[in-house]
2 protein chains.
Amino acid sequence: MEPECGLALSARKVEYIKFIFETGGTVRTTMIATAFSVDPSTITKTLAELAAGGYIRHVPYHGVCLTETGERHAEFLIKRHRILSLMLVRNGLLPEEACREASQFESLVSKKAVDRICHFMGHPRQGICGEITHDNDCLEREEGASS
Amino acid sequence: MEPECGLALSARKVEYIKFIFETGGTVRTTMIATAFSVDPSTITKTLAELAAGGYIRHVPYHGVCLTETGERHAEFLIKRHRILSLMLVRNGLLPEEACREASQFESLVSKKAVDRICHFMGHPRQGICGEITHDNDCLEREEGASS
DNA sequence: TACAAGATTTGGATAGACCCCAAAAAATGG
DNA sequence: CCATTTTTTGGGGTCTATCCAAATCTTGTA
């Protein structure tokens with residue numbers, strides 16, 4: 001089993017997945033297009049790629065919703081954003097700055113790095129733009145896992 | 001005067017500028033091509049863009065060297081890399097990991113953020129992959145500058 | 001229920017960043 | 001002064017992200 005580095009999605013796709021997750025349920029193309037000020041046709045195309053990747057289920061003309069995989073991944077994406085934002089705040093940035101900066105580069109930070117930072121910070125529950133949740137995956141390294 | 005956010009160069013160009021700076025003096029196309037395992041023609045093209053941006057002086061068939069601007073910028077790029085790597089180490093990553101992760105996303109971190117982190121860490125001199133130098137630009141915020 | 005209006009998708013294009021290959025051009029050491 | 005090496009040119013490619021216009025699907029409603 002490959003380590004799952006968490007770098008499979010481009011920055012844009014990460015934003016879309018997080019948006020769909022946070023909106024919840026079935027999300028319509030226009031909703032995403034409006035939220036990101038992008039042409040609906042662009043969204044349709046990107047959605048097709050996300051569907052091909054198994055992250056979402058897309059019913060043409062009706063909207064998309066996350067698959068089981070997509071949901072699990074979305075949780076990671078959001079946690080990554082919050083952990084990184086929190087780290088930045090704890091290292092001198094203002095909350096809004098931290099959130100903004102993290103959004104810019106988070107898609108390039110590996111899961112392993114996020115887990116280490118999360119561990120180092122003591123698995124904080126309170127992020128600066130929402131609560132942080134911790135699954136086994138992130139806690140299991142605690143009890144002497146391999147890597 | 002615009003704030004100079006430090007996001008003008010792509011990740012690849014950042015690597016090239018840092019490499020040229022660290023190599024010092026006049027650097028030849030092949031040297032860069034070899035260092036990054038990329039076709040020389042690709043380097044020539046990217047070099048043309050960096051020259052157009054005023055970062056380097058390119059004498060065809062002879063090599064490139066940084067301009068005054070390029071040198072100043074290179075110093076920032078290297079400092080950014082070291083500050084971010086150091087922050088990651090201080091937040092739980094192993095040195096090599098930190099360096100590798102920082103290289104991936106550093107091009108997307110603003111100068112302002114770097115300055116804040118640098119300030120927060122107390123303007124450290126010892127990075128994990130080299131010494132960190134601090135210019136006025138980064139220290140002046142200390143004595144109550146505007147932003 | 002048929003249709004107009006609105007939402008969505010298709011198809012066609014563009015743009016930027018990177019990259020490669022083959023061939024031309026320049027530099028250089030004998 | 002020429003063969004070898006280095007570099008540049010010219011021509012393609014891929015990928016991601018976007019836009020526009022035209023087709024297509026849904027739906028509320030008359």
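To find a chain, count down the sequence lines: A is the first, B the second, and so on, and within it residues start at 1. Values below: all heavy atoms of this structure, side chains included; hydrogens, waters and symmetry mates excluded.
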task = Just compare C:dT9, C:dC19, D:dT8 and give me whichever is closest to any side-chain atom of A:His58.
result = C:dT9
ask   = Is the closest basic N to carboxylate O distance between B:Glu97 and B:Arg100 below 4.0 Å?
value = no
request  = Send over the distance from A:Arg12 CZ to C:dA15 P, rounded to a whole Å.
outcome  = 19 Å
request  = Starting from C1' on C:dC18, measure out to CD1 on B:Ile43 and report it in whole angstrom.
outcome  = 10 Å
request  = Scan residues 11-56 of chain B for pairs that pass ring pair (Phe, Tyr, Trp, His ring centres under 6.0 Å), counting only residues two or more places apart or in two chains.
outcome  = B:Tyr16-B:Phe36, B:Phe19-B:Phe36, B:Tyr55-B:His73
remark   = Output for pair (A:Ile20 CD1, A:Leu47 CG), nearest 0.5 Å, gives 5.5 Å
inquiry  = Is there a side-chain contact between A:Ser41 and the phosphate of C:dG11, meaning an N or O under 4.0 Å from OP1 or OP2?
reply    = no
inquiry  = Using heavy-atom distances to pick each residue's nearest nucleotide on DNA chain C, tell me which of B:Arg28 and B:Pro40 is more 5'.
reply    = B:Pro40
key: Shortest non-hydrogen contact between A:Ala74 and A:Ile17, atoms and distance   = CB-CG2, 3.7 Å
inquiry  = What is the separation between atom NE2 on B:His62 and atom C1' on C:dT28, rounded to the nearest whole Å?
reply    = 10 Å
task = For B:Glu101 and A:Ser110, test the side chains for any donor-to-acceptor distance below 3.5 angstrom and give the result as yes or no.
result = yes
message = Without decimals, in angstroms, what is the distance between B:Leu9 CG and C:dG16 P?
response = 16 Å
key: Closest-nucleotide ordering on DNA chain D, the 5'-leading residue of A:Asp39 and B:Val59   = B:Val59
request  = Kindly write out the residues that satisfy salt bridge (Lys or Arg N to Asp or Glu O under 4.0 Å) with B:Glu22, not counting sequence neighbours, or none if the list is empty.
outcome  = B:Arg82
query = Any side-chain N or O of B:Thr42 under 4.0 Å from OP1/OP2 of C:dC20?
reply = yes
ask   = Below 4.0 angstrom, N of the basic side chain to O of the carboxylate: do B:Lys18 and B:Glu106 qualify?
value = yes
task = For A:Glu15 and D:dT18, give me the distance from atom CD to atom C1', rounded to whole Å.
result = 14 Å
query = Given C:dA26, C:dT9, D:dT18, which nucleotide is nearest the side-chain atoms of A:Val38?
reply = D:dT18
query = Is there a residue in residues 44-57 of chain A whose heavy atoms reach under 4.0 Å of DNA chain C, and which residues are they?
reply = A:Thr44, A:Lys45
task = Answer with base, sugar-phosphate or nothing: what part of the nucleic acid does A:Phe36 contact at a heavy-atom distance below 4.0 Å?
result = nothing
ask   = Between atom CD1 in A:Ile32 and atom C1' in D:dT18, what is the gap in whole Å?
value = 16 Å
